[in-house]
Each structure stands twice: as C-alpha cells, then as structure tokens.
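The basis for the numbers below is simple: all heavy atoms, side chains too, and nothing from hydrogens, waters or symmetry mates. Keep in mind the model is a prediction, meaning the values are calculated, not measured.
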Amino acid sequence: MNVLPQDPMMLFSALNMYLRDNYPSLDALCEDFGVGREEIIKKMSDAGFEYSEEHNKFW
C-alpha cells in the first residue's frame, strides 16, 4: 500500500520524486494513491508550494 508522507517538506519531496519518475500528471498520482487533487494542492499551498502542470512538479 502506498502512503504519502504527512509532513509538508517530506510530502513535497515525495510528490516531486513520484511525478518525475512514475506519473505523467498530478491527476494520475492522486488516482493511484486514492487522494483528492484539491486536498494535495491545498496542503502544498498551505506550505508555500504551487503545482505547475507545465513542469509536472511542485515549487
């Protein structure tokens, strides 16, 4: 079972690694992990990160 980290900095790192190595989009990652896209975007936004669809990563 895949579980995403709860700590925002660890989540940032894990998301970008998964997006870089395994997923063509945030939607595909969210579907695989069974989490809502808006939930991830909100959590990352609260930590100061923004998702770029063009680059398929958070920054």
N16 (side chain) donor-acceptor with K57 (main chain) under 3.5 angstrom: no

Does a side-chain heavy-atom distance below 4.5 Å link F58 with L19? yes

Hydrophobic clustering (ILVMFWY, side-chain heavy atoms < 4.5 Å, transitive) - are L4 and M9 grouped together? yes

Going by heavy atoms in the side chains, are M44 and L15 under 4.5 Å from each other? yes

Taking all non-hydrogen atoms of both residues, which atom of P24 and which atom of A28 are closest, and how far apart? CD-CB, 4.1 Å

Under the ring pair (Phe, Tyr, Trp, His ring centres under 6.0 Å) rule, what do F12 and F49 come out as? Steps first, then yes or no, please. CA-CA 8 Å; F12 170 75; F49 299 106; 4.1 Å; yes

Residue pair V3 / F33: nearest heavy atoms and the distance that separates them: N-CE2, 4.1 Å

How far apart are the closest heavy atoms of R37 and E53, and which atoms are they? NH2-OE2, 3.1 Å

Heavy-atom pair of closest approach, residues I40 and C30: CG1-SG, 4.1 Å

Test item: side-chain donor near acceptor, D32 and Y18, under 3.5 Å: no

More than 12 non-hydrogen atoms from neighbouring residues, nucleotides or ligands closer than 6.0 Å to CE on M17, yes or no? yes

